[in-house]
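To start, the structure itself, in structure tokens.
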Amino acid sequence: RSRILISIGESFGSSDKFQKINQMVSSTDWSLKRSLDGGSAPKPLKRL
Amino acid sequence: AQECRELETERLRRLERIKQKQAQLQELILQQIAFKNLVQRNRQLEEKNNRPPPPNTIIHLPFIIVNTSKNTIIDCSISNDKFEYLFNFDNLFEIHDDVEVLKRMGLAFGLESGRCTQEQLKIARSFVPKALQPYVTEMAQGAIN
Amino acid sequence: RFQELQRELAELTDTEEKLDELINKSSLQLRLLTEDTHNKKYPSSLIVFKLGYVRCQDLRDTVDPPDQIVMVIRAPPETQMQVTEPTEGYQISLKSSRGPIDVFLCPED
């Protein structure tokens, strides 16, 4: 499990801290994740 | 010869640190220009419309955004005091901060990519103190790349 | 060669000190421009602070495709954001120690 912890709430921090998160998320094989997750269709969770 | 090698190593170390600090200073200058440009744009819009925009249509800095496909299902849990949130996404998403949004709005005059007209360069230089203006000119000429 | 290297190192020291000074000044200027407490004290900078906003339409114009879900998070300073990759999906947790966190969706229209 990869995990990234950052501090937010201040303006104008170093913007590259989000690049690492976006790279981690975009490099994920979502179809593999779905199959890991038993391939079930996403649970009808409440929308935000 | 040994002392020369040590000085040479120290020289390379210092050059690397200077390169990083120049990048840090360029980012700070970009942020300052983008913020002041945003303030100027909002001031001109409010003067033109003769009133500030409705409060529920504006978002004050600082903020971050998370954008994802409209098909994404987001499971959200919130503590009663709103001090803690937990989101589960079933799809790709991206996180960006306010600076990135200002740059994407073009408020840094394209300095981050070295594309800046002479007119824009003049305005951008006016947003920073004299000591920083040479750096703005360098960025306009593509120094960041 | 040794003397030449010594001279060059002295120049690099000057360059680095000048950069440090400019970085400190620029960071301070940015903080003064955007910090809540400072701006409440000085009316002139309060005006600047009040004009430091983007409109929902601005946000929508920066995402591609524009019909995405855009979630806006406004958090107090030092809020911890943790992104983990559990087996299924992705998890973002936010934990504040200095006040409530505001989360809302940017309307589509």
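Residue numbers begin at 1 in each chain, while the letters A, B, ... track the order of the sequences. In what follows, every heavy atom counts, from backbone to side chain, and hydrogens, waters and symmetry copies are set aside. As the structure is a prediction and not an experimental result, all values here were calculated from the model.
Contact tally against chain B (heavy-atom pairs below 4.5 Å) for C:K25, C:Q29, C:K18: the top residue is C:Q29. Taking chain B as the reference chain and counting heavy-atom pairs below 4.5 Å, the highest number among C:R1, C:E8, C:E4, C:Q82 is found for C:E8. Among B:L107, B:N42, B:V39, the residue with the largest count of heavy-atom pairs under 4.5 Å with chain C is B:N42. Residue with the most contacts toward chain B among C:D58, C:L59, C:V83: C:D58 (heavy-atom pairs, distance under 4.5 Å). Ranked by heavy-atom pairs under 4.5 Å with chain B, the first of C:L9, C:T79, C:T13, C:T15 is C:L9. For the options C:T62, C:I23, C:V70, C:V63, heavy-atom pairs under 4.5 Å to chain B are most numerous at C:I23. Ranked by heavy-atom pairs shorter than 4.5 Å toward chain C, the options B:E94, B:K36, B:R41 are led by B:R41.
Using modelled atom types, one side-chain atom of C:R74 and one backbone atom of B:L61 make a donor-acceptor pair closer than 3.5 Å. Side-chain N or O atoms of B:N67 include none that pairs as donor or acceptor with a backbone N or O of C:I69 at under 3.5 Å.
Contacts between residues 3-14 of chain B and chain C, counted as heavy-atom pairs separated by less than 4.5 Å, involve B:E3, B:C4, B:L7, B:E8, B:E10, B:R11, B:R14.
A heavy-atom distance below 4.5 Å is not found between the side chains of C:I73 and B:I65. In this structure, the side chains of C:M81 and B:I64 come closer than 4.5 Å at one or more pairs of heavy atoms. Taking the side chain as every heavy atom from C-beta outward, C:S93 and B:Y85 never approach each other to under 4.5 Å. The shortest distance between side-chain heavy atoms of B:E84 and C:L94 does not fall below 4.5 Å. Looking at C:Y53 and B:L38, their side chains never come closer than 4.5 Å, going by heavy atoms from C-beta outward. Contact check for B:R104 versus C:D61: no side-chain heavy atoms found under the 4.5 Å cut-off.
Between the CG atom of C:L19 and the CZ atom of B:R17 there is a distance of 11.0 Å, given to the nearest 0.5 Å. Annotation: the span from B:I18 atom CD1 to C:L12 atom CG amounts to 4.5 Å, rounded to 0.5 Å. Within the model, atoms CD1 of B:I58 and CZ of C:R55 stand 10.5 Å from one another, a figure rounded to the nearest 0.5 Å.
B:L102 and C:V54 get closest at one heavy-atom pair: CD2-CG1, 3.8 Å. Heavy atoms only, all atoms of each residue included: C:C56 and B:I59 are closest at SG-CD1, 4.0 Å. Of all the heavy atoms in C:S26 and B:L25, the pair that sits closest is OG-CD1, 3.6 Å. Heavy atoms only, all atoms of each residue included: B:F93 and C:I92 are closest at CE1-CD1, 3.7 Å.
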Show your reasoning for whether side chain to side chain contact (heavy atoms under 4.5 Å, CB included) applies to C:M71 and B:F87. CA-CA 11 Å; C:M71 184 159 72; B:F87 300 101; 3.9 Å; yes
Using the side chain to side chain contact (heavy atoms under 4.5 Å, CB included) rule, take C:Y90 and B:L92 through it: C-alpha gap first, then chi angles, then the decisive distance, then the call. CA-CA 8 Å; C:Y90 254 93; B:L92 275 172; over 6 Å; no
Show your working on side chain to side chain contact (heavy atoms under 4.5 Å, CB included) between B:Y135 and C:L22 and close with a plain yes or no. CA-CA 11 Å; B:Y135 288 88; C:L22 288 172; 3.5 Å; yes
Run the numbers on B:K21 and C:D20 for side chain to side chain contact (heavy atoms under 4.5 Å, CB included), then give the verdict. CA-CA 7 Å; B:K21 288 181 177 177; C:D20 287 337; 2.8 Å; yes
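Looking at B:L132, only its side chain comes within 4.5 Å of chain C, counting heavy atoms on both sides. Only the side chain of B:L45 comes within less than 4.5 Å of a heavy atom in chain C; its backbone stays farther off. Both the backbone and the side chain of C:Q6 come within contact range of chain B, with heavy atoms under 4.5 Å apart. With a threshold of 4.5 angstrom between heavy atoms, B:Q40 does not approach chain C through any atom at all. In this structure, chain B has a heavy atom under 4.5 Å from the backbone of C:S97, while its side chain stays farther away. Contact of B:T68 with chain C is made through backbone and side chain together, with heavy-atom distances under 4.5 Å. Heavy-atom distances place both the backbone and the side chain of C:D67 under 4.5 Å from chain B. Contact of B:P129 with chain C is made through the side chain alone, with heavy-atom distances under 4.5 Å.
For B:Q24, there are no side chain to side chain donor-acceptor pair (under 3.5 Å) partners, not counting sequence neighbours.
B:K82 and C:D102 are joined by a salt bridge, as a carboxylate oxygen and a charged side-chain nitrogen come within less than 4.0 angstrom of each other.
By the neighbour-count criterion of 12 heavy atoms within 6.0 Å, atom CD of B:E16 is densely surrounded, having more than that number from other residues, nucleotides or ligands.
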